Amino acid sequence: LLIFANTRERMYLSFSLSLASLILVVMHFDGLLFQYFYPAHPSVSFEVFVSSIASLYFFAFWFADDFLNARRHNPDVHRALRLFQGLAAALLASAWLLPNELTLGYGIVLCALGSLLCLMAGFVNVAQGRVSGRYYLLAIGAVTLGSLVYLALYCGFLASNPFYEAILKY
């Protein structure tokens with residue numbers, strides 16, 4: 001946020017907000033979000049979790065659009081990212097308004113398709129010869145790999161060991 005305050009470039013604001021949303025998601029998985037922010041209201045845990053996921057995707061689509069300069073270089077990708085940004089905002093509203101089962105199904109579809117859209121946006125930029133696409137794919141690949149390892153540990157698909165635990169703490 002300090003870089004955004006100094007430069008006034010929107011890309012730094014969208015990056016900071018998507019990173020803050022990712023931190024909220026990880027805090028939810030670790031139980032810290034509940035422990036520190038709403039311990040007296042355990043009934044809203046699902047809504048808070050879906051809201052943090054929706055916020056993460058909303059700001060991630062915004063960052064991808066800004067970083068890859070999709071509006072100028074690829075208007076179709078720009079429109080798709082903006083559409084999915086609107087869908088993420090709808091997921092945020094559905095977390096509080098619709099039944100949990102509907103929200104969960106909608107959220108899973110949005111996350112899967114949105115992740116593919118972000119990867120596709122990076123590949124389109126690489127195919128156009130833009131260096132920003134390479135950097136974006138490197139970063140999104142690292143985040144995706146880390147997220148998959150974290151989820152595999154959380155769901156019990158990977159056995160917990162000191163190596164994985166140390167990675168997740170740093």
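No experiment lies behind these values; they were computed from the predicted model shown.
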Check residues 110-121 and write down every donor-acceptor pair under 3.5 Å in which the side-chain atom is one partner and the other belongs to a residue at least two apart or another chain.
{"from": "S115", "atom 1": "OG", "to": "Y57", "atom 2": "OH", "distance (Å)": "2.8"}
{"from": "S115", "atom 1": "OG", "to": "C111", "atom 2": "O", "distance (Å)": "2.8"}

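- Taking hydrophobic clusters as Ile, Leu, Val, Met, Phe, Trp and Tyr residues chained together by side-chain heavy-atom distances below 4.5 Å, V143 does not share a cluster with W62.
- A 4.5 Å side-chain heavy-atom check between F61 and L87 finds every atom pair outside the cut-off.
- Taking all atoms of both residues into account, the shortest heavy-atom contact from S132 to L68 is O-CD2, 3.9 Å.
- The shortest distance between side-chain heavy atoms of L33 and V48 falls below 4.5 Å.
- Between the OG atom of S94 and the CD atom of E47 there is a distance of 10.0 Å, given to the nearest 0.5 Å.
- Here M27 contributes atom CE and F37 contributes atom CZ; the two are 4.5 Å apart, rounded to the nearest 0.5 Å.
- Take H78 and apply the side-chain hydrogen bond (donor to acceptor under 3.5 Å, both in side chains) test, not counting sequence neighbours, and it matches D65.
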Give the intermediate values and the outcome of side-chain contact (heavy atoms from CB on, under 4.5 Å) for residues L98 and Y106. CA-CA 10 Å; L98 296 178; Y106 173 54; over 6 Å; no
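- Qualifying side-chain hydrogen bond (donor to acceptor under 3.5 Å, both in side chains) partners for Q85, counting only residues two or more places apart in sequence or in other chains: R82.
- More than 12 heavy atoms of other residues, nucleotides or ligands shown are found within 6.0 angstrom of CZ on F34.
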Could you go through the side-chain contact (heavy atoms from CB on, under 4.5 Å) check for L137 and V126 one step at a time? CA-CA 9 Å; L137 281 178; V126 169; 3.6 Å; yes
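- Listed by first and then second residue, the salt bridge (Lys or Arg N to Asp or Glu O under 4.0 Å) pairs involving residues 118-132 amount to none (not counting sequence neighbours).
- With sequence neighbours left out, N74 forms a side-chain hydrogen bond (donor to acceptor under 3.5 Å, both in side chains) with no residue at all.
- At a threshold of 4.5 Å between side-chain heavy atoms, the hydrophobic network of Ile, Leu, Val, Met, Phe, Trp and Tyr places V124 and L138 in two separate groups.
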What do the steps show when you test D66 against R71 for side-chain contact (heavy atoms from CB on, under 4.5 Å), and what is the final call? CA-CA 8 Å; D66 283 349; R71 178 181 292 178; over 6 Å; no
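- At a threshold of 4.5 Å between non-hydrogen side-chain atoms, the residues L91 and F58 do not count as touching.
- A distance of 9.5 Å separates CG in L13 from OG in S18, rounded to the nearest 0.5 Å.
- Heavy atoms of other residues, nucleotides or ligands lying less than 6.0 angstrom from OH of Y38 number more than 12.
- Rounded to the nearest 0.5 Å, atoms CG (L19) and CZ (F63) are 10.0 Å apart.
- Separation of atoms CG (L102) and CG (L97) is listed at 12.0 Å; rounding is to 0.5 Å.
- Among residues two or more places apart in sequence or in another chain, the side-chain hydrogen bond (donor to acceptor under 3.5 Å, both in side chains) test is passed with S51 by W96.
- Listed here is the closest heavy atom pair of S55 and L92: OG-CD1, 4.5 Å.
- Residues S45 and H28 share a closest heavy-atom pair of OG-CE1, 3.3 Å.
- Interatomic distance, L17 CG to L56 CG, rounded to the nearest 0.5 Å: 11.0 Å.
- F15 has its side chain out of reach of F67: every pair of non-hydrogen atoms, C-beta onward, lies at least 4.5 Å apart.
- By the criterion of side-chain heavy atoms lying less than 4.5 angstrom apart, applied directly or through intervening Ile, Leu, Val, Met, Phe, Trp or Tyr residues, L145 is not grouped with F157; the two fall into different hydrophobic clusters.
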